[in-house]
A.B. asks: 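Quick one: structure below, then a few questions.
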Amino acid sequence: MPLKVYNSYTRTKEVFTPITPGHAGMYVCGPTVSGESHLGHARPYITFDFIYRYLTYKGYKVRYVRNITDAGHFEEEGKEAEDKVSKKAILEKLEPMELVQKYTNLFHWAMLQFNCVEPSIEPTATGHIVEQISMIEKIIAEGYAYEVNGSVYFDLKKYAATHEYGKLSGRVMDDLLETTRELDGQQEKRDKADFALWKSAAPEHIMRWKSPWGEGFPGWHIECSAMATKYLGAEFDIHGGGMDLQFPHHESEIAQSTICNHHTPAKYWIHNNMITINGKKMGKSYNNVIKLTEMFSGNHPLLTQAFSPMTVRFFILQSHYRSPVDFSSEALLASEKALKRLWEAYEVLKKLPVGLNEEAADAALNSKVVQWLNEFDEFMDDDFSTAKILANMFELAPVINGIKDGHIAPGALAATTLVLLQQQFKTYMEDIFGLTHSTGADDNTLQGVMQLLIDIRKEAKIRKDYSTSDKIRKQLATIGIELKDEKDGSMSWNK
RNA sequence: GGUCCUGUGGCCGAGUGGCUAGGCAAAGCUCUGCAAAAGCUUCUACAGCAGUUCGAAUCUGCUCGGGACCUCCA
């Protein structure tokens, strides 16, 4: 079954055919490490994480490049050419690179919390100044960029005359000329819409590098083009990022790379939608961000409680990556409970004994189960429809619980079906969706202590000493361990 | 102002022509020392108006509402 992905560039779902058979190259715009990551940032990284995991599952050897933007960009017009990173550094009295390091570490910590697989290469913008400069030189040599007062600009009008500028973001060149607002250095550009490839640095600018045009720093768009080209080649398979980056960032990348490499950079453009809060995009400009640290601690006015990274991850998986998703404490709480239910069913499933029956006693149920399971790959192949797979998992949960409770006869499903059920849940829950759950079962000390408590509680129950048995259960609950009495008289627990 | 997207039951959210999405919440029942969990059952919606069609949440038009981008933004 071929994988189909929605290509923002052509606005259609296309069959994914990699440039090099068996391999897939994917570039995703990474964070600007001038501040702490917030909930909105979580979406692309979790989205491209399951995309990466799925490509791997499909058998592709994937090179996943995600950059760190550690050289800042311009502030508003009117102020001196200031760099976001260096400005903040002065405020916090830190070296720019100290700040960059701090937020990079924090970002990596958050990715670890979300169980995101590390990218194959995580290049930094400051580490690729040389590549960026040589790319700019090539663009100048091609005649599509010009130097003014130590800055270099891309000649958009010339490019648009012979290339499709605006195709990705659905923009018309003439409109851009009309609506582009006044930016710093506007008067030295040939055309208002031209964007900077290299900016001359004002004296107070801390982050600066030598270049053929004087000391300065690279423009915003060139870093991604340079690093993507270096590690993935002139043409690669997938370029990803948030929808809000389509214009001008990705559009400009296409222009630069096309001139420099004589080829449009990415074959498939994949963009995730935004996380909104009360219907508004979560973003710095709206002042409505919930930082990830606040999310995990519950320390924010909009949060009624702390939410674990896995709850957030599940929340994101529950909607399609191209749909906007609205955040609320209520919605997160629903996800938390849903995930718990699913995870418990999965734990039950893992322990379900597989019989030897070749024939399913309940053929109708058996074929339904098989169909639900086969649909996992189908749904994923259809532009990563994670929500539909979860819906199927919730259809399967009562079947799993039913077998355990004895509602459904042990032989209702064929042994092969049960094995498939176990395999698919493991593959999807853990390998593709990247969900994890610490049950404490891997902790031998805890295991021993729990066994002791369970034994004592069992004895108390036999004596009908319910105050003791209730006390054990209640006390454990206060430290986050849930003890359950099973129908057969045994007890189970989880953290 | 321009370009584009969107409006689904109490809440969140799948779904592009015909078949119960799913989750959470709520109600009832079963199980149970109690509890939790689980199981069964109930709740069956597609902003409004008009049109196309044998048939529309799904296509078209209009109206109303929400949003994104056009500027740093995931």
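Just so you know, these numbers use all the heavy atoms, side chains as well, and skip hydrogens, waters and symmetry mates. Below, read A as the first sequence line, B as the second, and so on, with proteins coming before strands; counting in each chain starts at 1. Predicted model only: the values in this text are computed from it and were never measured.
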A.B. asks: Compare side-chain N and O positions of A:Ser37 against OP1 and OP2 of B:A74 and report whether any pair is under 4.0 Å apart.
C.D. replies: no
A.B. asks: What is the distance, to the nearest angstrom, from the CG atom on A:Asp326 to the P atom on B:U6?
C.D. replies: 17 Å
A.B. asks: Using the ring centroid of each side chain, check whether A:Trp109 and A:Phe296 are separated by less than 6.0 Å.
C.D. replies: yes
A.B. asks: Under 3.5 Å, which donor-acceptor pairs link side chains of residues 393-408 of chain A to any protein atom two or more places apart or in another chain?
C.D. replies:
from, atom 1, to, atom 2, distance (Å)
A:Asn401, ND2, A:Ala397, O, 3.3
A:Lys404, NZ, A:Glu486, OE1, 2.8

A.B. asks: Let me know the distance between CD of A:Glu251 and C1' of B:C4, rounded to the nearest Å.
C.D. replies: 13 Å
A.B. asks: Have a look at A:Met274 and say if it touches a base, only the backbone sugar-phosphate, or nothing, with a 4.0 Å heavy-atom cut-off.
C.D. replies: base
A.B. asks: Is a side-chain N or O of A:Arg43 found less than 3.5 angstrom from the main chain of A:Met274, in a donor-acceptor match?
C.D. replies: yes
A.B. asks: A:Met111 has an atom CE; how far is it from atom P of B:A74, in whole Å?
C.D. replies: 12 Å
A.B. asks: Which is true for A:Lys337 with a 4.0 Å heavy-atom rule: it touches a base, it touches only sugar-phosphate, or it touches nothing?
C.D. replies: sugar-phosphate
A.B. asks: Choosing from B:C70, B:C4, B:A74, which nucleotide comes nearest the side chain of A:Pro248?
C.D. replies: B:C70
A.B. asks: Could you give me the stems involving RNA chain B, meaning stretches of three or more consecutive Watson-Crick or G-U wobble pairs whose two defining distances are both below 3.5 Å?
C.D. replies: B:1-7 with B:64-70, B:10-12 with B:22-24, B:26-30 with B:38-42, B:47-51 with B:59-63
A.B. asks: Is a donor on one side and an acceptor on the other found under 3.5 Å between the side chain of A:Gln318 and the backbone of A:Ser335?
C.D. replies: no
A.B. asks: Measure across A:Asp383 and A:Tyr321 and return the closest heavy-atom pair with its distance rounded to 0.1 Å.
C.D. replies: OD1-OH, 2.7 Å
A.B. asks: Classify the nucleic acid contact of A:Val348 as base, sugar-phosphate or nothing, counting any heavy atom under 4.0 Å across all strands shown.
C.D. replies: nothing
A.B. asks: Of all the choices, B:G13, B:A74, B:A68, which nucleotide is nearest to the side chain of A:Ser319 once you look at every atom?
C.D. replies: B:G13
A.B. asks: State which of B:G23, B:A74, B:A21 makes the closest approach to the side chain of A:Glu395.
C.D. replies: B:A21
A.B. asks: In this structure, is the centre-to-centre distance between the rings of A:Tyr45 and A:Phe114 below 6.0 Å?
C.D. replies: no
A.B. asks: With a 4.0 Å cut-off on heavy atoms, is A:His249 in touch with a base, just the backbone sugar-phosphate, or nothing at all?
C.D. replies: nothing
A.B. asks: If you check every side-chain atom of A:Phe394, which of B:C69, B:A74, B:G22 has the closest atom?
C.D. replies: B:G22
A.B. asks: Calculate the interatomic distance between A:Ile275 atom CD1 and B:G13 atom P; express it in whole Å.
C.D. replies: 11 Å
A.B. asks: Taking the side chain of A:Phe315 as heavy atoms from C-beta outward, which of B:C12, B:A14, B:A74 is closest to it?
C.D. replies: B:C12
A.B. asks: Looking for any heavy atom pair under 4.0 Å, which part of the strands does A:Ser469 touch: base, sugar-phosphate only, or nothing?
C.D. replies: base
A.B. asks: May I have the distance from A:Asp244 (atom CG) to B:U71 (atom P), rounded to whole angstrom?
C.D. replies: 13 Å
A.B. asks: Of the nucleotides B:G22, B:G23, B:A74, which has the atom closest to the A:His41 side chain?
C.D. replies: B:A74
A.B. asks: Taking the ring of A:His128 and the ring of A:Tyr231, is the distance between their centroids below 6.0 Å?
C.D. replies: yes
A.B. asks: With heavy atoms under 4.0 Å as the rule, sort A:Gly40 into base, sugar-phosphate or nothing.
C.D. replies: base
A.B. asks: Along nucleotides 34-48 of chain B, 5' to 3', which nucleotides get a B, which get an S, and which get a -, given that the test is a protein heavy-atom distance under 4.0 Å?
C.D. replies: BBBSSS---------
A.B. asks: Between B:C11, B:C69, B:C12, which nucleotide has the shortest distance from any of its atoms to the side chain of A:Ala331?
C.D. replies: B:C12
A.B. asks: Need one value for A:Met282: base, sugar-phosphate or nothing, where a base atom within 4.0 Å counts as base even if backbone is also close, heavy atoms only.
C.D. replies: base
A.B. asks: Identify whether any heavy atom of A:Ala391 sits under 4.0 Å from a base atom; if not, whether one sits that close to sugar-phosphate; answer base, sugar-phosphate or nothing.
C.D. replies: base
